[in-house]
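Please read all numbers here as calculations on a predicted model, not as lab measurements.
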Amino acid sequence: NNYPWVDRNLSEKAADLSRSVSIKEGAESLDNLIMNNNVEEAYSGFLNASKNLQAFPESKQYLQEFNSAGETLNSSINQAKEGFADIQRTVRNKIDLNKIELDALKNQLTQISSKGINESNSNDVQLLQQRIASLTGSVAGYNEFINNIMPPLTYKFEGITKKLKDDINNAGGQIMFSSDGQWNDQKQVNNNVINNTDSVIDFKNEIGTLKTEVGALSNKSLLDTKFQTNQHAQAAAEYDKAYRVNLENEIIGMMNAQRMYEANAKVLQVSDNMIGSLLNAIG
């Protein structure tokens with residue numbers, strides 16, 4: 001425990017912080033999707049079009065507006081569903097990228113460790129372990145979000161919107177929304193009593209409940225992240241006091257050095273390509 005490269009407490013705090021940050025990031029994206037989708041607005045437009053058509057069932061204009069409102073509602077629901085899928089794809093891509101970087105850092109740590117850890121490279125080892133811990137925590141947090149947190153909310157939204165479509169079909173007495181997720185343009189609507197069906201009108205309440213759940217998840221993830229940030233800051237301060245090394249500055253320096261290396265490597269690659277092209281042109 002006298003050596004900085006075996007400071008397990010700091011690595012554990014880094015992993016916990018990264019995990020909570022990843023969950024917070026996912027929760028915020030889900031909260032943004034739920035709060036900003038226009039399904040409720042499209043549903044209100046559909047109800048208004050339904051009222052007009054119910055009052056003037058022979059009106060071709062109101063029938064056209066009714067079909068347009070139905071298509072808009074269906075499109076809004078499908079866009080929201082695609083939004084859930086986009087969040088999952090984005091998080092899975094981040095997991096893959098983190099794993100690639102994680103493998104590279106582990107190989108780098110193995111190479112350094114194989115030559116022996118001493119006072120001259122101990123800080124580099126600690127920085128690598130910190131970054132490895134952070135990436136490991138990020139992967140764990142992202143996995144928890146898409147495997148445990150997001151599925152029940154996605155399932156609930158799909159259940160609510162499916163019930164809405166079924167209720168509209170039943171209230172209208174005909175198939176308006178088909179089973180394959182399409183809106184069927186109506187030639188006429190003979191039994192249009194959608195506005196008098198309580199189970200359809202309850203849709204807004206069900207969406208409101210879902211929004212509350214997602215908002216609570218977002219707030220909890222924010223509080224968890226703040227707590228873990230404080231825990232990590234305390235561990236880093238203890239490490240700094242014990243070893244006279246500021247890990248935040250060292251990590252920034254390591255990242256800057258990595259970026260400079262990547263930039264220089266790119267310059268050399270471009271220069272090599274230019275020389276190759278010149279030699280080919282000279283023959």
Chemist: Please work out whether the ring planes of Phe46 and Trp183 are parallel, tilted or perpendicular, with thresholds of 30° and 60°.
Modeler: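 Because their plane-to-plane angle is over 60°, the rings of Phe46 and Trp183 count as perpendicular.
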Chemist: Within the distance-only criterion (no hydrogens, no angle test), does the side chain of Asn78 pair as donor or acceptor with the backbone N or O of Ser75 below 3.5 angstrom?
Modeler: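 Side chain of Asn78 to backbone of Ser75, a donor-acceptor pair under 3.5 Å: no, none is there.
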Chemist: Looking at NZ of Lys165 and CZ of Phe203, how far apart are the two atoms once the value is rounded to the nearest 0.5 Å?
Modeler: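 It is 10.5 Å, given to the nearest 0.5 Å.
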Chemist: Please assess Leu210 against Leu153 for the test side chain to side chain contact (heavy atoms under 4.5 Å, CB included), listing each intermediate value before the final yes or no.
Modeler: CA-CA 8 Å; Leu210 180 62; Leu153 295 171; 3.9 Å; yes
Chemist: Between Ser44 and Lys204, is the side chain to side chain donor-acceptor pair (under 3.5 Å) condition met? List the steps.
Modeler: CA-CA 9 Å; Ser44 295; Lys204 289 187 176 181; 2.9 Å; yes
Chemist: Could you check if a side-chain atom of Val139 sits within less than 4.5 angstrom of a side-chain atom of Asn143, using non-hydrogen atoms only?
Modeler: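 In short, these two side chains touch, coming nearer than 4.5 Å.
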Chemist: Would you indicate whether Glu82, at its atom CD, is surrounded by more than 12 heavy atoms from other residues, nucleotides or ligands within a distance under 6.0 Å?
Modeler: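 It does: Glu82 CD has more than 12 such atoms within range.
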Chemist: Give the minimum heavy-atom separation between Asn148 and Pro152, together with the two atoms involved.
Modeler: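 Distance-wise, the nearest heavy atoms are O-CD, 3.5 Å.
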Chemist: When rounded to the nearest 0.5 angstrom, what distance separates CG in Asn74 from CG in Leu164?
Modeler: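 Here the rounded value is 10.0 Å.
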Chemist: Which heavy-atom pair separates Pro151 from Asn147 by the least distance, and what is that distance?
Modeler: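 For Pro151 and Asn147, the tightest heavy-atom pair comes out as CG-O, 3.5 Å.
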Chemist: By the definition side chain to side chain contact (heavy atoms under 4.5 Å, CB included), identify the one residue from Met176, Gln61, Gln54 that meets it with Phe66.
Modeler: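 The side chain to side chain contact (heavy atoms under 4.5 Å, CB included) with Phe66 is passed solely by Met176 among Met176, Gln61, Gln54.
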Chemist: Can you check whether Tyr62 reaches Glu65 side chain to side chain, under 4.5 Å on heavy atoms?
Modeler: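 When only atoms from C-beta onward are counted, Glu65 and Tyr62 do touch, with a gap below 4.5 Å.
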Chemist: At what distance, to the nearest 0.5 angstrom, does CD of Gln228 lie from CZ of Arg19?
Modeler: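 Result: 7.5 Å between the selected atoms.
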Chemist: Will you find, in the side chains of Asn38 and Ser76, an N or O donor that is under 3.5 Å from an N or O acceptor?
Modeler: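 There is such a pair (donor and acceptor under 3.5 Å, judged by atom type) between the side chains of Asn38 and Ser76.
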Chemist: Let's go through Ile207 and Lys211 carefully: what are the C-alpha distance in whole Å and the side-chain angles of both, what is the deciding distance for side chain to side chain contact (heavy atoms under 4.5 Å, CB included) to 0.1 Å, and is it a yes or a no?
Modeler: CA-CA 6 Å; Ile207 287 291; Lys211 286 185 174 181; 4.0 Å; yes
Chemist: Taking the basic N atoms (NZ, or NE/NH1/NH2) and the acidic carboxylate oxygens, is any pair closer than 4.0 Å for Asp103 and Lys99?
Modeler: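 Looking at Asp103 and Lys99, the cut-off is not met.
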Chemist: Is there a path of hydrophobic side-chain contacts, each under 4.5 Å between heavy atoms of I/L/V/M/F/W/Y residues, joining Tyr155 to Val91?
Modeler: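 Cluster IDs for Val91 and Tyr155 differ.
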Chemist: Looking at Tyr142 and Ile95, what are the two nearest heavy atoms and their distance?
Modeler: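 Between these two residues, the closest heavy atoms are CB-CG1, 3.5 Å.
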Chemist: Quick one: does Leu217's side chain get under 4.5 Å of Asp31's, heavy atoms only?
Modeler: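 SC-SC contact between Leu217 and Asp31 ruled out.
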Chemist: Using modelled atom types only, decide if a donor and an acceptor are shared between the side chain of Asn169 and the backbone of Ile175 within a distance under 3.5 Å.
Modeler: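 Not a single qualifying donor-acceptor pair exists.
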Chemist: Show, in sequence, the C-alpha distance, side-chain angles and deciding distance for Asp224 and Lys220, and conclude whether the salt bridge (charged side-chain N to carboxylate O under 4.0 Å, His left out) test is met.
Modeler: CA-CA 6 Å; Asp224 289 345; Lys220 181 181 182 303; 2.8 Å; yes
Chemist: Looking only at heavy atoms, what is the nearest atom pair of Gly141 and Ile23, with distance?
Modeler: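 Closest approach of Gly141 to Ile23, heavy atoms only: O-CG1, 3.5 Å.
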Chemist: Quick check on Glu213: does its CD atom have over 12 non-hydrogen neighbours (other residues, nucleotides or ligands) under 6.0 Å away?
Modeler: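 Atom CD in Glu213 is packed in, count exceeds 12.
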Chemist: Please walk me through it: do Asp16 and Gln231 pass side chain to side chain contact (heavy atoms under 4.5 Å, CB included)?
Modeler: CA-CA 9 Å; Asp16 290 341; Gln231 293 290 306; over 6 Å; no
Chemist: Transitively linked via ILVMFWY side-chain contacts under 4.5 Å: Phe157 with Ile168?
Modeler: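 Yes, same cluster.
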Chemist: Would you name the heavy atoms of Ser18 and Ser134 that are closest together and state the gap between them?
Modeler: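 In this case the closest contact between Ser18 and Ser134 is CB-O, 3.0 Å.
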Chemist: Checking Asn32 against Glu28 for the side chain to side chain contact (heavy atoms under 4.5 Å, CB included) test, could you report, in this order, the C-alpha distance in whole Å, the side-chain angles of both residues, the deciding distance, and whether it holds?
Modeler: CA-CA 6 Å; Asn32 183 63; Glu28 287 178 344; over 6 Å; no
Chemist: Once rounded to the nearest 0.5 Å, what's the spacing between atom CD1 of Ile132 and atom NZ of Lys106?
Modeler: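 These two atoms lie 7.0 Å from each other.
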Chemist: Does a side-chain N-to-carboxylate-O contact under 4.0 Å join Lys162 and Asp166?
Modeler: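 Result for this pair is yes, salt bridge flagged.
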Chemist: Between atom CE of Met150 and atom CD1 of Ile87, what is the distance when rounded to the nearest 0.5 Å?
Modeler: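 One finds 4.5 Å between CE of Met150 and CD1 of Ile87.
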Chemist: Any chance you could measure His232, atom NE2, to Thr229, atom OG1, to the nearest 0.5 Å?
Modeler: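 It comes to 9.0 Å.
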Chemist: Treating Ile, Leu, Val, Met, Phe, Trp and Tyr as nodes and any side-chain heavy-atom pair under 4.5 angstrom as an edge, say whether Val21 and Ile146 lie in one connected cluster.
Modeler: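 In one cluster with Val21: Ile146, no.
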Chemist: Mind checking whether Ile149 and Leu17 sit in one hydrophobic cluster, side chains of I, L, V, M, F, W, Y counted as touching below 4.5 Å?
Modeler: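 No: no chain of side-chain contacts under 4.5 Å links Ile149 to Leu17.
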Chemist: Does a side-chain heavy-atom distance below 4.5 Å link Gln234 with Lys13?
Modeler: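 Of all side-chain heavy-atom pairs linking Lys13 with Gln234, none is under 4.5 Å.
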Chemist: Locate the shortest heavy-atom distance separating Asn37 from Ala80; write the atom from each residue and the value.
Modeler: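 Closest pair (atom of Asn37, atom of Ala80, distance): CB-CB, 4.4 Å.
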Chemist: So, Gln186 side chain and Asn184 main chain: donor-acceptor pair closer than 3.5 Å or not?
Modeler: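 Yes: the side chain of Gln186 pairs with the backbone of Asn184.
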Chemist: Can you find a pair of side-chain heavy atoms, one from Leu63 and one from Phe56, that are under 4.5 Å apart?
Modeler: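 Leu63 vs Phe56: side chains apart.
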